[in-house]
Amino acid sequence: MKNKFIELPISTPDGIFLAHYSEKGLAGIDWPNANRGRRGNESQISSASSELVRDSSRRLLQIKKWHSTTETALKKILAGKKSKLPPLDWTGKTEFQKSVWRQMLKIPAGRTKSYGEIAVAIGRPKAVRAVGGACGANPIPVLVPCHRVLAANKKLGGFSGGLDWKRSLLAREGIKF
DNA sequence: AGGCTCATGACTC
DNA sequence: GAGTCATGAGCCT
């Protein structure tokens, strides 16, 4: 069976996010502005979903369950709280990226780490720059807290969703800088 | 404080 | 292989 992804929307006070699910779990999240300007999302949802129903309703139920976990997790984290996460599917990503993201999941809400600290934590103290690259390649922003990673000079660094998001998310967790 | 350079690892084409 | 970085440390004004 091919790697079918289905997209389900999540409405939040910050807009509508789009969650992507594979057979193994949550595989990606799109920012609210990402569906404007990208064509075909709505039809993609319905066709993929109905195909899945035909295929296996059991799997659909599973994904619905994951989705409700994702939904509450997203809303809580957007509000600056921590939350239980659905299973994450990082199939196809490199070992290096996965270890970076695993490290980021360990950062508690309200705390930050530097790119260098992440590099040390995964046993490659000199791969600081590559850590930045892995952050940018993170398919699951917000839930995998790439926004809690700052540069060593306590400055912002960058952010895939735009620096305004990063500032805002940090502020909601009570982080000042 | 701000700016410049450079070593550096992973990734992409 | 060369080019691209969401870095960091060092060394200048």
Side-chain angles (χ1 to χ4, degrees), chain A residues 2-5 7 10 12-40 70 73-83 85-177:
Chain A
K2 294 232 296 240
N3 222 0
K4 276 275 183 206
F5 287 75
E7 297 181 337
I10 301 178
T12 76
D14 294 290
I16 300 177
F17 289 74
L18 223 47
H20 301 248
Y21 297 92
S22 72
E23 301 135 14
K24 302 176 112 173
L26 177 64
I29 289 189
D30 283 347
W31 296 98
N33 39 327
N35 40 9
R36 280 201 307 269
R38 243 181 59 190
R39 319 167 305 173
T70 302
L74 184 60
K75 288 174 180 171
K76 278 181 135 179
I77 296 177
L78 285 174
K81 303 176 177 178
K82 67 177 177 185
S83 173
L85 301 181
L88 307 178
D89 180 12
W90 285 333
T91 304
K93 305 302 181 178
T94 68
E95 274 313 309
F96 179 81
Q97 291 171 328
K98 288 189 271 193
S99 54
V100 169
W101 299 332
R102 270 191 295 270
Q103 268 318 305
M104 298 197 302
L105 286 173
K106 293 197 195 165
I107 308 176
R111 299 288 315 278
T112 66
K113 267 181 182 279
S114 71
Y115 296 99
E117 286 172 316
I118 299 277
V120 169
I122 64 176
R124 288 187 180 65
K126 294 184 182 143
V128 279
R129 224 162 158 192
V131 167
C135 290
N138 172 20
I140 312 179
V142 185
L143 296 203
V144 177
C146 39
H147 59 278
R148 299 206 268 256
V149 184
L150 305 178
N153 50 13
K154 290 94 185 167
K155 205 42 190 164
L156 261 190
F159 199 57
S160 55
L163 288 179
D164 289 338
W165 269 103
K166 189 166 185 175
R167 268 188 289 267
S168 174
L169 288 170
L170 291 172
R172 294 176 203 190
E173 297 186 358
I175 297 168
K176 317 243 175 177
F177 50 95

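Any value given below was found using the heavy atoms of this structure, including those in side chains, with hydrogens, waters and symmetry copies removed. By convention in this document, chain letters (A, B, ...) are assigned in the order of the sequence lines, proteins followed by strands, and residues within each chain are numbered from 1.
- Atom CD in Q103(A) sits roughly 19 Å away from atom P in dT7(C) (whole-Å rounding).
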Between protein and nucleotides 9-13 of chain B, what N or O pairs are separated by less than 3.5 Å?
unit_1, atom_1, unit_2, atom_2, d
dA10(B), OP1, R124(A), NE, 3.0
dC11(B), OP1, T94(A), OG1, 2.2

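- A pairwise comparison of heavy atoms in W31(A) and P141(A) identifies CZ2-CB, 3.3 Å as the closest pair.
- The pairing partner recorded for dG8(C) is dC6(B), the criterion being a Watson-Crick or G-U wobble arrangement whose two distances lie under 3.5 angstrom.
- Rounded to an integer number of Å, the gap from CG of L163(A) to P of dA6(C) is 11 Å.
- Atom CD of E117(A) is separated from atom P of dT7(C) by 15 Å (rounded to the nearest Å).
- Nearest approach of R148(A) to E173(A), heavy atoms of both residues: NH1-OE2, 2.6 Å.
- Rounding to whole angstrom units, CG of residue N138(A) and P of dC5(C) are separated by 18 Å.
- Looking at every heavy atom in both residues, F17(A) comes nearest to L78(A) through CE1-CD1, 3.9 Å.
- One atom, CG of L170(A), and another, C1' of dA6(C), lie 13 Å apart when rounded to the nearest Å.
- Here dC11(C) presents its P atom at 18 Å from CG of N153(A), a figure rounded to the nearest Å.
- For the pair A73(A) and L85(A), the tightest heavy-atom approach, listed with the atom from each and the gap, is CB-CD2, 4.0 Å.
- In this structure, K113(A) places its NZ atom 16 Å from C1' of dT7(C), rounding to the nearest Å.
- The minimum heavy-atom distance linking W101(A) with P139(A) is given by the pair CH2-CD, 3.6 Å.
- Distance NZ (K154(A)) to P (dA1(B)): 11 Å, rounded to an integer number of Å.
- Side chain of K166(A) to backbone of L156(A): a donor-acceptor contact under 3.5 angstrom is found.
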